[in-house]
Amino acid sequence: MVLGFRSLGANANLVSLCLATTRKYNNNKVYFSCTTASASHCCLVAHAHHHPSRVQDDLPSLLQILPHDLHDHLLNESRRSQLLEVILDLGRFPEARYVGEPGGQYLRTTVVSLQELEHAQEAVRDFGGDNRAGIEGTLHRISAIRSRNGMIVGLTCRVGRAVSGHSDMVFDLLQYGKSILFVGKPGVGKTTILREIARVLSDEFHKRVVIVDTSNEIAGDGNIPHAAIGGARRMQVAEPSMQYKVMIEAVENHMPEVIIVDEIGTETEALACRSIAQRGVMLIATAHGQQIENIIKNPTLSDLIGGVKTVTLGDEEAKARKRLKTILERQAAPTFEFLIEMRHRHYWVTHQTEKSVDMLLRGKSPQVEVRTRDDSLKVVIERSKAYDKCDA
């Protein structure tokens, strides 16, 4: 399905939504209806004719590494479907954190012992150079905090969930074949959407998809990738510092049409992204930052959105533009055509990267799309919304 807008004259107050084509993928049809339309606003409701969202978390596999009393408590917890992570810090009360709730909840009145941490450590695979480990066959992640002498003194046990049906938030964008960058604070579901997009692009769009999985967080621990990624292939990374090399290796050796990578955080990785995009490969990635301004102001990652350069204007040009003589401009075409700010799990702000960056560098507020879910969990797309009017 391709979406487009057709203006009804230069001074028209209406915008006509054109459904140019409607496609089926494995007999799953998605179409949009326009509920309101004007020159500055259009609200679309997506009606997805597919199976409802399903969540698989294999929570018992994570709970088995915990002390027995915590295992039993959380297994019978009514909010276990919202469990985000369990914190085990030496000499402190164990704590559970839940999606959408500030802070955490203590699980007992006795502190975590060294023996309990050692038991958990023995139950998982070896920790990598990034102090992360997983449980084979699952999507769970265990991250370690070490003392100065290398002893593990804390564990963050993060619940990994495979959510199918979540990709309808960006289903229309995927059909353009353009690169998409996701940003957002931890816990909003960035890795979850990468996993689901991998499945949709490989199984429904029949693309050759390769995942560069640095911490085995997208496709799970072990040598056999989790079924949640569908037919996508997974390349593991020996050390986090080698991620950019594996990204290039994926393109040169395996002829992917799509590369998916989590947590772009270094200049070499940003340059690898540009090299991959220049070869015509679609990129789906996440980066460190919560909003597009964080990427613009980050000299390490700004190349993802085209880079920023300082330009000195002549006196006449500065006067004509009514600007200072020294201004900031975008240096090149963005690596990612779309940038999505995941403000909350069901509140996403979508940028056409090139337009938004140019407007923000001029000190103006760009027009964006806001993607949310209504009470019946249908996707609602609000087009042409002023960026500075979006919810925080």
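Given the structure is predicted, the values throughout are model-derived calculations rather than measurements.
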Counterpart residues, side chain to side chain contact (heavy atoms under 4.5 Å, CB included), relative to [X] (two or more places apart):
X    : result
L90  : L114, L117, V153
H68  : none
K178 : Y176, E337, F338

**Request:** Output yes when E101 and R79 qualify as a salt bridge under the 4.0 Å nitrogen-oxygen rule, no when they do not.
**Result:**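 Yes, this pair counts.
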
**Asked** Under 4.0 Å between a Lys/Arg side-chain N and an Asp/Glu carboxylate O for R343 and D391?
**Response**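 Here R343 does not pair with D391 in a salt bridge, since their nearest N and O are not under 4.0 Å apart.
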
Considering residues, nucleotides and ligands other than [X], do more than 12 of their heavy atoms fall under 6.0 Å from its [atom1]?
X    : atom1 : result
R92  : CZ    : no
I224 : CD1   : no
D375 : CG    : no
M151 : CE    : yes
E249 : CD    : yes

Report yes or no: does [X] contribute a side-chain atom to a donor-acceptor pair with the main-chain N or O of [Y] at less than 3.5 Å?
X    : Y    : answer
H226 : A228 : yes
S356 : T353 : no
K385 : Q367 : no
S179 : F336 : no
R279 : V281 : no
S365 : D388 : yes

**Asked** Pick from V212, T300, I264, T214: which one makes a side chain to side chain contact (heavy atoms under 4.5 Å, CB included) with E269?
**Response**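 Single side chain to side chain contact (heavy atoms under 4.5 Å, CB included) partner of E269 among V212, T300, I264, T214: I264.
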
**Request:** State which residue, out of R161, E217, E263, R158, fulfils the side chain to side chain contact (heavy atoms under 4.5 Å, CB included) condition with T191.
**Result:**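 When side chain to side chain contact (heavy atoms under 4.5 Å, CB included) is applied between T191 and each of R161, E217, E263, R158, only E217 qualifies.
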
**Prompt:** For residues T286 and D262, is any side-chain donor paired with an opposing acceptor at under 3.5 Å?
**Reply:**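 Judged by distance alone, the side chains do pair up.
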
**Request:** Would you kindly say whether T350 and R371 are connected by a side-chain donor-acceptor distance under 3.5 Å?
**Result:**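 T350 vs R371: donor-acceptor pair found between side chains.
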
**Request:** Return the orientation label for the W348 and F182 ring planes: parallel under 30°, perpendicular over 60°, tilted otherwise.
**Result:**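 Ring orientation of W348 relative to F182: perpendicular.
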
For the residue pair [X] and [Y], establish whether any side-chain heavy-atom pair is separated by less than 4.5 Å.
X    : Y    : result
E341 : V370 : no
I296 : L360 : yes
M235 : I211 : no
Y347 : C390 : yes

**Request:** Please list, chain by chain and in numerical order, all residues satisfying side chain to side chain donor-acceptor pair (under 3.5 Å) with E267, sequence neighbours excluded.
**Result:**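 For E267, no residue satisfies side chain to side chain donor-acceptor pair (under 3.5 Å) once neighbours in sequence are set aside.
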
**Prompt:** Partners of H351 by ring-ring contact (aromatic ring centres under 6.0 Å, His included), sequence neighbours excluded?
**Reply:**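 Partners of H351 under the ring-ring contact (aromatic ring centres under 6.0 Å, His included) test: Y387.
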
Residues 252-260 side chain polar contacts: donor-acceptor under 3.5 Å, at least two apart:
from : atom 1 : to   : atom 2 : distance (Å)
E257 : OE1    : R208 : N      : 2.9

**Item:** Heavy-atom pair of closest approach, residues S143 and R141
**Value:**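 Here S143 and R141 meet closest at OG-NE, 3.4 Å.
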
